[in-house]
Protein chains: 2
Amino acid sequence: MSILNAIQEKMNSLHLKERALAEFLLEKPQQVVQMTITELAGQSGSSTATISRFCKTFHSQNFPEFKRKLATELVQQTSTPNQYQDIVAGNPLQDIVTAITANHLRSLTDTTQLLDLNQLRLAIDALHNASRIDLYGIATSGIVAQDFFHKLIRIGKAAAVFSDPHLQLTSASSLTSKDVAVGISYSGETPETIHALRCAAEQGATTLSITRFGTNTLADGASIRLFTSSAEVGMRRGDMASRMAQLHVVDILFIGLVSEHFEQYVPRLEASFQTIKLYTSKEERKPR
Amino acid sequence: MSILNAIQEKMNSLHLKERALAEFLLEKPQQVVQMTITELAGQSGSSTATISRFCKTFHSQNFPEFKRKLATELVQQTSTPNQYQDIVAGNPLQDIVTAITANHLRSLTDTTQLLDLNQLRLAIDALHNASRIDLYGIATSGIVAQDFFHKLIRIGKAAAVFSDPHLQLTSASSLTSKDVAVGISYSGETPETIHALRCAAEQGATTLSITRFGTNTLADGASIRLFTSSAEVGMRRGDMASRMAQLHVVDILFIGLVSEHFEQYVPRLEASFQTIKLYTSKEERKPR
DNA sequence: TGCATGATGAAAATATTTTTCTTAGATATA
DNA sequence: TATATCTAAGAAAAATATTTTCATCATGCA
């Protein structure tokens, strides 16, 4: 439910006509997906120009794409009855397991639906051509950044990962236009990561953001934007589902990268795998 | 699956160009839904006129409506996890995305199925009563261990995480019978983690393993065993699905822990959340 | 009050899609 | 075999839909 969610959230910061449009969208999304932009303009009391701009605000290149995304969201909503579950006290373990599983599954499918293949391709190309790759993330997003780091060095990329704010800036300030900086933050409002990515952009580096869907500072400042599902609310659940979604995006990025340049990267991947096997096989394994 | 089915069925009675179009549709439906009619004409070797007529044959008033229906169908199709897919060279991005998503979904559902609630309860009790918790994991499993560490310190647990083999042993040798050591390894054959967990057991600590399902050295040496799905094979896919599964287990462990002792842990969780909010809100946020 | 900013729609420009018209090849018939 | 008829299929025209540009108007601020 990322698009409708994002609209709901942004409601307050929308202008007069945009809000009228947003309200109409939230009220009758099913109908909107089969309307033309002119019809929608008429019925929502706005103009085609406003709608076209509105779609871009919500990360769709054009109105048809917006409708497409909205449509898939609506289908999912009706076909998968399991909403995101909140975790409450004293549930039997089985219920907890079921709830967490449902949340994670939902998070992955939602994120997949949101994925913009054009941005993905841009990201893959940027990573492929980068002479250095910097990864920034704090707390849980730092875990995701580290995971990405592990992957990238396995294929011989000159990558580095920073969760320390000062080091983030130190590294960012030495980037050049040949480099790529990746900022990871679920909210997209982590100040340290925002600063680091902004600094990287000022050095001319290509900037890539991985944030939740919707308008946020980190994505706004990035040249390539990838999004995760944004339905997660409340703090009890923590950031588990969002971390799953971020890792999902990282996996897709990585496999996309490897797959597009198979001959170059797969041997390296294989080599790193074999090397570890070689060096650790000296150790005795208890056969049992 | 009515549209694609209907096309499949009607295949024989279609004319030359219509058939070319139909074949293209069956092969790359995901891509078709985001094409314009002109693009589709070019790529399928037919013309826009033919496509427009084709859509009417299949009960759509026009091309956009056809795309809408097709898209809806495809969403429903992808949300059902199928087989584990291997990642191969030069696949179109859409296929890669679909394959990875399917793998991850599969990995989570399989792991949930495998979960032994008795072992889970034992693990939760052990963690709850532990005066110290040590987490051991190398490489990708180290990422998972760190993630667990972040969670545990948020609820005020005396936890520590080690990916460095010497430090693992150093810490393990100072554990007592009141402590818990958690060893994470997908294969269950990572020598460093095995040694550390064995050392912890020798000090009388409760040992918990998180490994792939099946017989393996790490689990054999642990007093509580949790398993993840073990279907992942081959190295091309790396350890992505297994990492997802491990995190899934960690999440369940954590939420189980918090939920069973709600009054004790939730305030701490809340406090950690609020504190971060307080200290980072001083920073200026660019409003848009 | 005057200036700047920005939201907004009208209209122009562009793009997409459908329909019409034409052609070429197939099939049937004398 | 020659001719007529039919139809698949594309080119191009027409219709429709969408985006962009530009002018206007309102609002906030000095």
task = Would you indicate, yes or no, if dG9(C) has its OP1 or OP2 atom less than 4.0 angstrom from a side-chain nitrogen or oxygen of Thr50(A)?
result = yes
5' priority, DNA chain D, between Arg53(A) and Ile37(A) [closest heavy atom] = Ile37(A)
ask   = Just how far, in rounded Å, is C1' of dT19(D) from CG of Leu40(A)?
value = 15 Å
query = Which listed nucleotide (dA8(D), dT19(C), dT18(D)) is nearest to the side chain of Ala49(B)?
reply = dT19(C)
task = Assign Leu16(B) to base, sugar-phosphate, or nothing according to its heavy-atom contacts below 4.0 angstrom with the strands shown.
result = sugar-phosphate
request  = Would you indicate, yes or no, if dT20(D) has its OP1 or OP2 atom less than 4.0 angstrom from a side-chain nitrogen or oxygen of Lys56(A)?
outcome  = yes
task = For Gln61(B) and dA15(D), give me the distance from atom CD to atom P, rounded to whole Å.
result = 19 Å
task = Answer with base, sugar-phosphate or nothing: what part of the nucleic acid does Thr36(A) contact at a heavy-atom distance below 4.0 Å?
result = sugar-phosphate
inquiry  = Looking at Glu23(B) and Arg19(B), is any side-chain nitrogen of the basic one under 4.0 Å from a carboxylate oxygen of the acidic one?
reply    = no
query = In whole angstrom, what separates Glu18(A)'s CD from dT8(C)'s P?
reply = 6 Å
ask   = Picking from dT19(D), dG9(C), dT18(C), which would you name as closest to the side chain of Ser52(B)?
value = dT18(C)
query = Looking at the side chain of Ser47(A), which of dT16(C), dT8(C), dG9(C) is the nearest nucleotide?
reply = dG9(C)
task = Starting at atom CE of Met35(B), determine the distance to atom P of dA15(C), rounded to an integer number of angstrom.
result = 19 Å
key: Any Leu108(A) side-chain heavy atom under 4.5 Å of Leu105(B) side chain   = yes
inquiry  = For Glu65(B), is there an ion pair with Lys69(B) - N to carboxylate O distance below 4.0 angstrom?
reply    = yes
request  = Calculate the interatomic distance between Glu39(B) atom CD and dT16(C) atom C1'; express it in whole Å.
outcome  = 10 Å
ask   = Got a salt bridge between Lys10(B) and Glu18(B), using NZ or NE/NH1/NH2 to carboxylate O under 4.0 Å?
value = no
Pair Asp251(B) + Arg243(A), salt bridge at N-O below 4.0 Å = yes
task = Side chain of His15(B) only, please: which of dT17(C), dT8(C), dA9(D) is the nearest?
result = dA9(D)
